[in-house]
Amino acid sequence: MTASRTAIATCPLCEATCGLDVTIEDDRLVTVRGDARDPFSRGYVCPKAVALPELLADPDRVRTPRIRRGETWSEVSWEEAFAEVEERLAPILERHGRDAVAVYLGNPSVHNLDLQIYPRALLRVLGTRNVFSASTVDQMPKQVSAGLMFGTSLSIPVPDIDRTQHLLLLGADPVESNGSLMTAPNVRARLHAIRARGGRIVVVDPRRSRTAALADEHHFVRPGTDALLLFALVHVLASEGRIRLGALAPHVAGLDAITRLAARFPPDRVAAACGLSADTITRIGRDLADAPTAAVYGRIGTTTQAFGTLTSWLVDVLNVLTGNLDRPGGAMFTRAAAGATNTVGAPGRGKGIRLGRRTSRVSGRPEVLGELPVACLAEEIETPGDGRVRALITVAGNPVLSTPNGGRLASALAGLELLVSCDIYRNETTRHAHVILPGSAPLERAHYDLALWQLAVRNVANYSPPIVPRPPGAPADWEIMLRLAGIALGQGAGADLAQLDDVVAHGQAEAACRGLPGRTPDEILAALAPRRGPERLLDLMLRTGPYGDRFGEVPGGLTLAVLEAHPHGLDLGALTPRIPEVLRTPSGRIELAPPELVADVERLDASLAAAPPPFLLVGRRHLRSNNSWMHNVPSLVSGRDRCTVLVHPDDAARLGLTDGVRARLRSRVGTIEVPVEVSDAMMPGVVSVPHGWGHDDPASGLGVAARHAGASANALTDDAVLDPLSGTSALSAVPVTLEAVGA
Ligand SMILES: Nc1nc2c(c(=O)[nH]1)N[C@H]1C(S)=C(S)[C@@H](COP(=O)(O)OP(=O)(O)OC[C@H]3O[C@@H](n4cnc5c(=O)[nH]c(N)nc54)[C@H](O)[C@@H]3O)O[C@H]1N2
Ligand SMILES: Nc1nc2c(c(=O)[nH]1)N[C@H]1C(S)=C(S)[C@@H](COP(=O)(O)OP(=O)(O)OC[C@H]3O[C@@H](n4cnc5c(=O)[nH]c(N)nc54)[C@H](O)[C@@H]3O)O[C@H]1N2
Ligand code: SF4
Ligand SMILES: [Mo]
């Protein structure tokens, strides 16, 4: 007889955090629907969540640890796997020191409660400077600009999408991506609602995306020129007397400096470079200023470019100058229930962020928020000398397909003395591993979105326990991290995990006590018993957070037990103004003109003199794909080939390209061949290839993906081109040439 049950969970696949209503038979996930009672997502789900049963049942998924000797893989027990890691890692640490071991944290670690907390413990004991993550191929520029302007790296204003009357959106396609740095399930419906209430959506993108197609206006922009465009918009506001700080006025520093800088970028000076007329730029600026409420929002197209930090900064400068920062309908700060550094410490003032505390060994790139640019990883492995990276631990990441010049990185990985990969697939990266430690799969672990609910368009909190069991004997992800920490500490693979976990918890309790006068860590830990692992720490964060019970001080306040009693999640209300309390800058002000950013404006100005290359490459996303890793799920890759190059009809005609013909794209670093899709959705001179494809490595264990291999856009992206302030790769606006294969 089959035992059937239902459960409520949160989707861990993208940033929308949709509620799931699932059925399970004999511990097997069989169906996934939207949770109609989730107050945030209200029943919405996308095809990726519906495909979770297929993903969990995927015969290619790695469920037991693997060890590779030469080209031979064997399945081993967890004990053997950790023993292997110890045997190989300990001598490297001993002989070559801490920096010889690098760590790369990938995107799914952000959607994983264990991996939001415990890698920190591993990094602390490892003490390596060679920390890398997907952040430097993603949102790091926004974290830097937010940190400099508002004082913490996750104090990122989110568009108040449900109340705004005017949304100016650059370099984002939330209809496909479901939004990013803007946690908002069913963005599409929320966008339609803006128009339904008489509001306006303006999209700036070198491609007429699906988001652009539902907007009131779409403007092509030449990739990589958004900062020029945004400066020109500031110019319009300043020169036409349209700056309105409103209630922000007493809290703003640097207004003169920013208007002086903008004076250098009148619309007619930047128009040709941006590909918008000066009149259009002026009108966009006036419409923004005249709107009753407005929010400016920029995403991946604005961050993964050579001026990513300047662009991210200017987005919020415009929100401030139009008086829309921190007011309903504008761009607002979430007040997260747990984990937000802008809810701890003294309100209104802080230490701010520090950058460039050290530099990378080979090319001297500055550290940013505790990590180094991932574009430097290959050279750190390849280049002999003191501090050379000889071992790498990847955690839920596939940098071979996700980071620039992926081919070079693949060769570098092949030369490592040790690669340990915590991953659920043997793919283009983990095929180089000596040991694969298959962490939990989605829904096999407890879930709470520590990071993403700091960026939500409403204040929400939602906890779900594991829905399906892990394979027998498999440790949780947090236990895997502590095992590795134990090995790095020299305590070996058999270290006492409970004790290590107590050390972590004690440290957190100590920090929490700074905000709980008169309480001791031991007292706090006693109150958290018998919880352990991430649940203990989550409970601690919730209880000391802005809605928390403060261990009895606030009767009825939030605890993990309260969330457990509300499986569909808690809606803690619409966003409310937080200035000046949210600020953690040393001045206690919103810094409109941080010196680090001002200093980079010369480089932007100089870019106006550069001649544009023949073609610029940009990326795109598709609703049924998730970066590089859901391509082994048949229902998500069925249908038309999605790894194509989009080319404008005029460009196609000139080059003799027609639909379906294979084109060869060439950049400074590599060459790929993909089928052509002629499309007037492209700006002339710009071509688009999605990233995350290129599953043709015969040593990967991806049967389905190999039949839909495509080619990797990151074989073209250049590891030498970075936004200097954030160390983030310019994955957009990559100069390429294009020709028909056989031409
Ligand atoms: N050209 C170009 N490149 C890009 C981008 C772009 O727009 N254009 N986007 C960038 C962005 S925004 C990002 S975030 C990065 C992503 O970069 P990465 O994080 O390096 O890559 P992903 O494709 O997300 O790979 C996720 C990996 O985690 C594994 N995985 C999935 N779920 C789990 C899990 O539950 N547990 C464990 N242990 N492993 C799991 C998968 O098998 C896969 O190996 O790519 C970046 N690269
Ligand atoms: N279905 C699906 N959802 C996802 C993901 C996925 O892979 N698939 N990935 C998740 C991740 S990790 C992230 S970070 C988010 C990203 O979420 P989004 O930022 O919404 O990502 P994209 O859909 O790639 O949209 C980026 C847009 O920027 C445009 N663009 C490129 N270069 C420029 C430029 O220089 N200037 C301007 N103005 N526009 C430019 C592109 O044409 C594209 O339309 O999505 C998340 N959600
Ligand atoms: S939109 Fe994102 S969070 Fe929602 S169901 Fe789809 S993948 Fe999951
Ligand atoms: Mo991302």
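Order of appearance sets the numbers: ligands from 1, and atoms from 1 within every ligand. As the structure is a prediction and not an experimental result, all values here were calculated from the model.
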Among protein heavy atoms, which lies nearest [atom], and at what distance?
| atom | answer |
| --- | --- |
| atom 1 (S) of ligand 3 | Asn178 ND2, 3.0 Å |
| atom 40 (C) of ligand 2 | Pro206 CD, 3.3 Å |
| atom 31 (C) of ligand 2 | Ser732 OG, 3.4 Å |
| atom 44 (O) of ligand 2 | Asp205 OD2, 2.7 Å |
| atom 21 (O) of ligand 2 | Ile300 CG2, 3.3 Å |
| atom 4 (Fe) of ligand 3 | Cys18 SG, 2.3 Å |
| atom 1 (N) of ligand 2 | His622 O, 2.8 Å |
| atom 2 (Fe) of ligand 3 | Cys14 SG, 2.3 Å |
| atom 18 (P) of ligand 2 | Ser177 OG, 3.5 Å |
| atom 36 (N) of ligand 2 | Asp226 OD1, 2.7 Å |
| atom 9 (N) of ligand 2 | Arg621 NE, 2.9 Å |

With a cut-off of 2.8 Å, does any N, O or S atom of Cys46 fall short of it relative to atom 4 (Fe) of ligand 3?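 It does not; every qualifying atom lies at 2.8 Å or beyond.
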
Run the numbers on Thr429 and Asn398 for side chain to side chain donor-acceptor pair (under 3.5 Å), then give the verdict. CA-CA 5 Å; Thr429 295; Asn398 188 5; 2.5 Å; yes

Hey, is ligand 2 close enough to Val204 that some N/O pair sits below 3.5 Å?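 N/O-N/O distance under 3.5 Å: yes.
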
Does an N or O from His691, backbone or side chain, lie closer than 3.5 Å to an N or O of ligand 2? no

Mind telling me whether Trp629 and Tyr425 have parallel, tilted or perpendicular rings, with 30° and 60° as the class edges? tilted

Return the orientation label for the His447 and Trp453 ring planes: parallel under 30°, perpendicular over 60°, tilted otherwise. perpendicular

Relative to the heavy atoms of [X], which atoms of ligand 2 are at a distance of less than 4.0 Å?
| X | result |
| --- | --- |
| Pro223 | 34 (C), 35 (O) |
| Leu623 | 1 (N) |
| Glu176 | 1 (N), 2 (C), 3 (N) |
| Gln305 | 35 (O) |
| Ser625 | 1 (N), 2 (C), 6 (C), 7 (O), 8 (N) |
| Asp138 | 14 (S) |
| Arg207 | 42 (O), 43 (C), 44 (O) |

OG (Ser700) and CD (Glu428) are apart, to the nearest 0.5 Å, by 4.5 Å

If you measure from CD1 on Ile201 to CG on Leu191, what distance do you get to the nearest 0.5 Å?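 One finds 4.5 Å between CD1 of Ile201 and CG of Leu191.
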
Which atoms from ligand 3 have a heavy atom of Leu13 less than 4.0 Å away?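 Listed by number with element, the hits are 7 (S).
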
Closer than 4.0 Å to some heavy atom of Ala49 - which atoms of ligand 3 meet that?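 Reading through ligand 3 atom by atom, the close ones are 5 (S).
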
Does the residue [X] have a heavy-atom contact with ligand 2, meaning some pair of atoms that are separated by less than 4.0 Å?
| X | answer |
| --- | --- |
| Lys48 | yes |
| Gly224 | yes |
| Asn626 | yes |

Would you say that Val669 contacts Thr717 through its side chain, given a criterion of any heavy-atom pair below 4.5 Å between the two side chains?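 They are not in side-chain contact.
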
NZ/NE/NH1/NH2 to OD/OE distance under 4.0 Å, [X] and [Y]:
| X | Y | answer |
| --- | --- | --- |
| Arg61 | Glu444 | yes |
| Arg299 | Asp205 | no |
| Arg208 | Asp680 | yes |
| Arg210 | Glu176 | yes |
| Arg458 | Asp571 | yes |

Report yes or no: does Cys11 have an N/O/S atom closer than 2.8 Å to atom 8 (Fe) of ligand 3?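 Given the 2.8 Å cut-off, Cys11 counts as a ligand of atom 8 (Fe) of ligand 3.
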
Qualifying residue for side chain to side chain donor-acceptor pair (under 3.5 Å) with Lys142, from Thr302, Asp316, Thr309: Asp316

Is there a donor-acceptor pair under 3.5 Å between the side chain of [X] and the backbone N or O of [Y]?
| X | Y | result |
| --- | --- | --- |
| Arg620 | Asp173 | no |
| Gln139 | Thr303 | no |
| Thr211 | Val175 | yes |

Start with the C-alpha gap between Asp216 and Arg195, add the side-chain angles, then the distance that decides, and say whether salt bridge (charged side-chain N to carboxylate O under 4.0 Å, His left out) holds. CA-CA 8 Å; Asp216 297 270; Arg195 300 194 61 198; 3.2 Å; yes

Heavy atom under 4.0 Å from ligand 3: found in Thr17's side chain, backbone, both, or neither?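 Backbone only; the side chain of Thr17 stays clear of ligand 3.
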
Below a 4.0 angstrom heavy-atom separation, can you tell me which part of Asp173, side chain or backbone, both or neither, approaches ligand 2?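 Under 4.0 Å from ligand 2, Asp173 contributes backbone and side-chain atoms.
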
Does Arg283 CZ have over 12 foreign heavy atoms under 6.0 Å away? yes

